[in-house]
Amino acid sequence: MDMARVFHMNAGTGETSYANNSLLQKKVLSLVKPIREEAISSFYREKLPRSLAIADLGCSCGPNTLFVTYELIEIVEMLSRDLNHESPEYIIFLNDLPGNDFNNIFKSLECFKQKLRGQVADDGIDQCYITGVPSSFYGRILPACSLHFVHSSSSLHWLSQVPEGAENNKGNICITKTSPLNVQNAYCHQFQRDFSLFLKCRAEELGEGGRMVITLLGRSSEDLSCDKSCYIWELLAKALNEMVLEGIIEENQMNSFNFPFYTPSSSELKLEIEKEGSFTLNHLEIFELSWKAACGDDEELNNNNNNDGYKVAQLMRAGTESMLVNHFGEAIIDNVFHRYQHILADRMSKEKTMFFYITLSSTKTT
Ligand code: SAH
């Protein structure tokens, strides 16, 4: 599968759009705020750059896209006031794959700048240059030493491709406990290749002392066979397998499909950072969030299993529909997610189902 051509979050603002189904990712962004705040503040205090260049990698489109940009500018504006220092000009790079709905982002930029002017600072904010960078972050996307701060949230668990050698992952759509060892190894090696390339490229793009804060879905245990990080994918596979049994999907079509998705453990991440050698890890934090976080705060308190199932199915649909349609065709999609919704509702009513996240804050040192 050609990721750059196929993969994108669902565009627009409709019922199945990413914009409308990204409450979980928003919650993640909110939880990581103190880590970003520490990183940008200590960088700014130390360097006081005249222009501050920030890249958000895997920005997607919707309410989350400019959330971090706004917050970082707000922090730097406050610091500038405290330090009695002239505000910097801001150069913001919003990166995602070319299929991302950049047009929607561009349309919202004027409104965003007005909000900044109105709420964060009366002057200075005019100098905020926002650019879209449609390219894979598993490669160089910006000039050498052009960045001060790199941010990426809920994106790096997507691999650059489905690993080669994962063809015999029968009945599965991702690495799971029942995947053969060669499939598990193929996924693991693909992640190592991708993440080390990501680090190498960011090390070239960041100037010395530049900071990077990344958050991704991870794994709580080293042992894949007792891990639950792929449970949500196992349940999606269950819906697809039901449809194979009913003759709606061909078995070989099912067996030849895998998602380019991998959840590393914190030690796998640390090891790649050490091996690549350009970054010092300042902080690593792990946290868990209930699947119900996809339903929003209020919903977390309620016990409405059907609605929970629907919301989590929509969350997954917004991120996976492009790849499923590419492989299975459009006709089966509503059916898949209808089944998935019920499977999820059932599981969520019986089990405590959690997402596991890892955040890394690092400094480019050499
Ligand atoms: N950061 C946003 C979006 C997360 S969704 C938020 O927190 O809400 C993940 C995004 O990563 C998607 O928009 C997807 O297209 C993007 N992505 C995945 N792989 C990518 C790659 N190789 N290069 C650039 N963007 C990528």
Side-chain angles (χ1 to χ4, degrees), residues 1-13 16-33 35-36 54-72 92-105 108 131-142 149-163 190-191 193-202 205 212-217 259-264 287 289 293-294 296 314-324 326 355 357-359:
M1 176 165 43
D2 176 358
M3 288 283 279
R5 189 181 56 79
V6 173
F7 185 38
H8 58 82
M9 300 292 113
N10 283 355
T13 51
T16 59
S17 64
Y18 183 78
N20 217 0
N21 294 288
S22 44
L23 285 173
L24 171 78
Q25 293 88 338
K26 176 73 165 285
K27 182 119 193 190
V28 170
L29 290 174
S30 302
L31 288 173
V32 176
K33 179 175 180 182
I35 299 176
R36 280 192 302 273
I54 297 171
D56 194 20
L57 309 183
C59 63
S60 198
C61 62
N64 298 0
T65 299
L66 289 159
F67 181 83
V68 170
T69 301
Y70 185 88
E71 172 203 284
L72 292 174
I92 311 290
F93 298 104
L94 299 175
N95 156 259
D96 208 291
L97 291 169
N100 186 47
D101 192 357
F102 280 102
N103 271 338
N104 240 327
I105 305 179
S108 70
T131 309
V133 184
S135 216
S136 171
F137 51 53
Y138 295 122
R140 278 288 299 277
I141 55 171
L142 287 162
F149 194 89
V150 168
H151 176 260
S152 180
S153 187
S154 302
S155 302
L156 273 157
H157 38 245
W158 291 111
L159 299 169
S160 68
Q161 60 173 78
V162 176
Q190 186 65 49
F191 172 76
R193 269 199 300 279
D194 284 345
F195 191 58
S196 63
L197 181 59
F198 176 88
L199 291 172
K200 181 174 169 290
C201 295
R202 300 303 80 79
E205 291 162 356
M212 182 163 79
V213 177
I214 59 180
T215 303
L216 70 164
L217 278 161
F259 278 107
F261 177 90
Y262 184 80
T263 46
F287 57 96
L289 270 178
Q314 290 291 88
L315 160 87
M316 293 294 282
R317 181 169 181 165
T320 58
E321 185 164 345
S322 60
M323 287 187 264
L324 288 169
N326 178 62
F355 293 111
Y357 281 90
I358 305 178
T359 297

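Order of listing sets the numbers, starting from 1, for every ligand and every atom in it. Counting begins at 1 with the first residue of the sequence.
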Mark yes or no for whether Ser160, through its side chain, and Asp194, through its backbone, hold a donor-acceptor pair below 3.5 Å.
-> no
Hey, does [X] come in under 3.5 Å of ligand 1, counting only N/O atoms on both sides?
| X | value |
| --- | --- |
| Ser154 | no |
| Ser155 | yes |
| Tyr138 | no |
| Asp96 | yes |
| Tyr18 | yes |
| Trp158 | no |
| Leu29 | no |

Can you list the ligand 1 atoms lying under 4.0 Å from a non-hydrogen atom of Ser60?
-> 3 (C), 13 (O)
By number and element, which atoms of ligand 1 are closer than 4.0 Å to a non-hydrogen atom of Cys59?
-> 2 (C)
Do [X] and [Y] make a side-chain contact, defined as non-hydrogen atoms from C-beta onward lying under 4.5 Å apart?
| X | Y | value |
| --- | --- | --- |
| Arg5 | Asn326 | yes |
| Asn21 | Asn10 | no |
| Asp56 | Ile92 | no |
| Phe195 | Ile214 | yes |

Heavy atom of Ser160 under 4.0 Å from ligand 1?
-> no
Does ligand 1 have an atom under 4.0 Å from some heavy atom of Ser135?
-> yes
Of Gly62, Ser136, Pro134, Ser153, which has the heavy atom at the shortest distance from atom 7 (O) of ligand 1?
-> Ser153
Checking heavy-atom distances from atom 17 (N) of ligand 1 to each of Phe67, Phe261, Phe137, the winner is Phe137
Separation of [Y] [atom2] from [X] [atom1] (nearest 0.5 Å):
| X | Y | atom1 | atom2 | value |
| --- | --- | --- | --- | --- |
| Leu289 | Phe355 | CG | CZ | 8.5 Å |
| Ser135 | Ile141 | OG | CD1 | 6.5 Å |
| Tyr18 | Cys61 | OH | SG | 9.0 Å |
| Ser153 | Leu217 | OG | CG | 9.5 Å |

Of the backbone atoms (N, CA, C, O) and the side-chain heavy atoms from C-beta on, which set of Asn95 has a member under 4.0 Å from an atom of ligand 1: side chain, backbone, both, or neither?
-> side chain
Residues forming a salt bridge (charged side-chain N to carboxylate O under 4.0 Å, His left out) with Glu205, sequence neighbours excluded = Arg140, Arg202
Atom 1 (N) of ligand 1: which protein heavy atom is closest, and how many Å away?
-> Gly58 O, 2.7 Å
for atom 18 (C) of ligand 1, nearest protein heavy atom and its distance come out as Phe7 CE2, 3.6 Å
